[in-house]
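Note that these values count all heavy atoms, side chains included, but never hydrogens, waters or copies made by symmetry. Convention: sequence-line order gives letters A, B, ...; per-chain numbering from 1.
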Amino acid sequence: MLTSILSGDFPRSRVLTAILLAILVGLALAPFLFPGAAAINTAAKICIFIVLVASYDLLLGYTGIVSFAHTMFFGIGGYGVGLALYTFGASWGVIGVGILAALLVGVTLAFLIGLLSLRVRAIFFAMITLAVASAFLILATQFSEFTGGEDGRSFSVPQVLRPGYRLLEQPLFGTVVNGRILAYYLVFVAAVVLFLVALRVVNSPFGRVLQAIRENDMRAEALGYRVVYYRTVANCLAAGMAVLAGAMSAIWLRYTGPDTTLSFAIMLDILLMVVIGGMGTLYGAVIGATLFIVAQNYLQKLMGLASAATEGLPLIPKLVHPDRWLLLLGILFVLSVYFFPTGIVGRLRGKSG
Amino acid sequence: MPPVLETRGLTVRFGGHVAVDAVSCAFHAGTLTAIVGPNGAGKTTYFNLMSGQIPATSGDTLLEGEDISGLGAAGRAQRGIGRAFQITNLFPNLTVAENVRLAVQARGRGAASLFSLWSRHRDWIERADHYLALVNLSGVRDTLAAALPHGDKRKLEVAIMMALEPKVFMFDEPTAGMSVDEVPVILDLIRTLKADGSKTILLVEHKMDVVRSLADRIVVLHNGKLVADGDPATVIASPVVQEAYLGQAPKREAAHG
Ligand SMILES: Nc1ncnc2c1ncn2[C@@H]1O[C@H](COP(=O)(O)OP(=O)(O)OP(=O)(O)O)[C@@H](O)[C@H]1O
Ligand SMILES: [Mg+2]
């Protein structure tokens, strides 16, 4: 049973299992464990990024494809749902149509990019994705009558997902179960399902061929696997999953804009999350995304406290001043990549196995 | 019956250098053909042309009478051309068992299945284990291929081709760099294949004693050209081989390998 759900891909390390369970429980009960708008926002963002990072790992970690267009697909999902809701009004049908249209556009684009450039050298593919993604970003900001330009678009979501909606008259465990909480659970359940689907794909015969291609594409070809076909399908699957993550993001934020989905800053974040968590293992996506987003959101506060606590000491208060948080984050990344070249998951598994 | 594998005027040019020069040759079922020649003669390149790793400049390759010149390596592998490489060519960060299982899977149904569980394809696992046992690698089945000693890597290289269950087996110096006590495993395996009587086996090999003991026929390449072809005794004794292969003028007294 559990084997089927996890596709036989167990964490294979006690510490890793404990961490993953803690993250799962934390996210599942987030609205009740961590009250407040900021906390639930962080939790939703973690759910969305787990899907996004897992789909990127399918490309980078499993297939060995370096793509810089992943935020473009994330954006296609965000804009697809966002613009549909903005244009046609809030209803579930519109969300469905928006998702389908975004999937169609995203997967077709991934297919074309793949077909055009996956048979050539990896560096060329990376450059093509960079070019296409930049073009897309420019398009999205230039067609401002349609996309809202730099400002993006705010829109409303179906009634039951709005803050004003009450599922229960009485608060549950001291928390009012409103539409925001329902929206959170929609995002959470979607994330769990998509993650498990991705886990199944990487542990399928297809997934093992992807790993073979990453390891030695020429030998995979010599065994009879058409490498271009496998790479293209992987590219489409990853794109489709990123589109769905984008849709989740739009539904949660009730907003879509270049900075939340399309920007290269996000692309960089995704790369870091994959590397920190561990390439080539989807559990790495969970840990990478969680750690990164928590650090991004709470490091500043933590540093503020540290700065205040060390007041009077020389130099230290200045070093841990909240304004230096990016510097500290950078140092943490360098250290983590240096000490855990196989990522956190690789490290944990290596020790136990 | 047409030959299993045949090349007609097969040629490849790298810049100005003709590495394989209009080689026409046919290989029949039940025959082990040794392909010999000095270093740089074009043996590996000739293999690469037949198994589709590199495209030919001109000439054709036929499998069972059908022109397969337009097919790439994957298409040729699917049609039964198996290849073991001279320079070990594995999936380094997968386990030994996974390396072989990927070859079994390539020939199996559902090889590209997206949602079935890899670990539940018991038949693939069992067949992979069978081929691992053939080359004495069962004991290291869960070791990463990258961590194997050289001799074991060579064995794995051969096991991967065996697991493809091809019609044509192309061994490119399978025992190169192996320690003396490991060589017999590979030679026995080739002997068993040969004893089957239906397989088409091509073997590039420098060790003349191995060639003498295994080959039904010897083809000699020199500077990309086919310079001799025939039964082992005749070819080895022929002046052209003495010159081409041993790099010396033919001597009166029969030279030994
Ligand atoms: N991809 C390539 N590009 C350019 N030259 C090549 C290429 N592959 C092979 N050659 C050249 O073609 C010639 C034949 O090489 P090949 O590897 O086929 O020889 P070989 O007979 O297998 O030698 P050995 O016994 O050392 O394995 C050599 O001169 C080699 O340098
Ligand atoms: Mg060679």
Side-chain angles (χ1 to χ4, degrees), chain A residues 1-10 12 58 61-62 64 119 196-234 236-238 240-241 278-281 341-342 346 349-350 353, chain B residues 47-48 51-54 71-85 87-95 97-121 124 142 144-146 156-157 160-161 163-166 170 172:
Chain A
M1 170 70 176
L2 198 60
T3 306
S4 284
I5 292 174
L6 295 182
S7 304
D9 191 350
F10 296 101
R12 296 206 311 272
L58 190 68
Y62 281 89
R119 50 178 81 240
L196 292 177
V197 169
L199 201 59
R200 173 54 65 104
V201 168
V202 298
N203 287 291
S204 69
F206 175 87
R208 216 42 69 114
V209 178
L210 295 187
Q211 282 175 298
I213 289 171
R214 171 195 73 197
E215 290 295 308
N216 186 344
D217 56 348
M218 180 266 198
R219 186 55 184 255
E221 191 89 30
L223 293 184
Y225 297 111
R226 290 179 203 283
V227 168
V228 175
Y229 166 82
Y230 283 88
R231 282 198 179 131
T232 306
V233 174
C236 291
L237 279 174
M241 209 166 144
M279 275 195 275
T281 144
T342 50
R349 278 185 167 170
Chain B
F47 266 20
N48 282 339
S51 54
Q53 266 70 39
I54 54 176
L71 293 180
R76 295 183 193 203
Q78 281 171 6
R79 286 178 188 225
I81 296 186
R83 177 79 193 273
F85 292 87
I87 296 169
T88 306
N89 201 347
L90 308 168
F91 303 114
N93 292 310
L94 298 181
T95 66
E98 285 172 334
N99 267 268
V100 180
R101 226 195 295 180
L102 276 159
V104 175
Q105 177 186 340
R107 306 288 286 162
R109 281 181 47 219
S113 145
L114 263 172
F115 296 108
S116 69
L117 264 186
W118 200 54
S119 50
R120 294 227 172 112
H121 286 267
W124 296 351
D142 295 321
L144 291 186
L156 181 55
E157 179 69 40
I160 290 175
M161 175 177 64
L164 276 177
E165 297 176 0
M170 304 173 79
D172 197 348

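For B:S113, the parts lying near chain A are the backbone and the side chain together; criterion is any non-hydrogen pair under 4.5 Å. Heavy atoms closer than 4.5 Å to chain A are found in the side chain of B:L164, but not in its backbone. At a 4.5 Å heavy-atom cutoff, B:R76 makes no contact with chain A through either its backbone or its side chain.
Residue A:Y229 places its OH atom among 12 or fewer non-hydrogen atoms of other residues, nucleotides or ligands, all under 6.0 Å distant. Other residues, nucleotides and ligands contribute more than 12 heavy atoms inside 6.0 Å of the CD1 atom of A:I5.
Of the residues considered (B:M161, B:R83, B:R120, B:R107), B:R120 shows the highest number of contacts with chain A, using heavy-atom pairs under 4.5 Å. Between chain B and the options A:G280, A:S204, A:A212, A:P205, heavy-atom pairs under 4.5 Å are most frequent for A:P205. Comparing A:A222, A:G8, A:G207 by how many heavy-atom pairs each has under 4.5 Å with chain B, the most go to A:A222. Ranked by heavy-atom pairs under 4.5 Å with chain A, the first of B:G108, B:A146, B:A106 is B:A106. Heavy-atom pairs under 4.5 Å with chain B were tallied for A:R208, A:R226, A:E221, A:Q211; the largest tally goes to A:R208. Most heavy-atom pairs under 4.5 Å with chain A: of the set B:G82, B:G75, B:S119, this distinction falls to B:G75. In terms of heavy-atom pairs under 4.5 Å with chain A, the best-connected choice from B:G72, B:A163, B:A73, B:S51 is B:A73.
Between A:T3 and B:L117, the shortest heavy-atom distance links the atoms O-CD1, 4.1 Å. Nearest heavy-atom pair across A:F206 and B:Q105 is N-NE2, 4.3 Å. The minimum heavy-atom distance linking B:L102 with A:Y225 is given by the pair O-OH, 2.5 Å. Heavy-atom minimum distance, A:L223 versus B:I160: CD2-CG2, 3.6 Å. Here the closest non-hydrogen pair linking B:F115 and A:V201 is CE2-CG2, 3.6 Å.
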**Request:** Tell me, with the steps shown, if A:N203 and B:W118 meet side chain to side chain contact (heavy atoms under 4.5 Å, CB included).
**Result:** CA-CA 6 Å; A:N203 287 291; B:W118 200 54; 5.6 Å; no

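Of the inter-residue distances, the one linking A:N216 atom CG with B:L94 atom CG reads 10.0 Å to the nearest 0.5 angstrom.
Side-chain atoms of A:R219 do not come within 3.5 Å of backbone N or O of B:L90 as any donor-acceptor pair.
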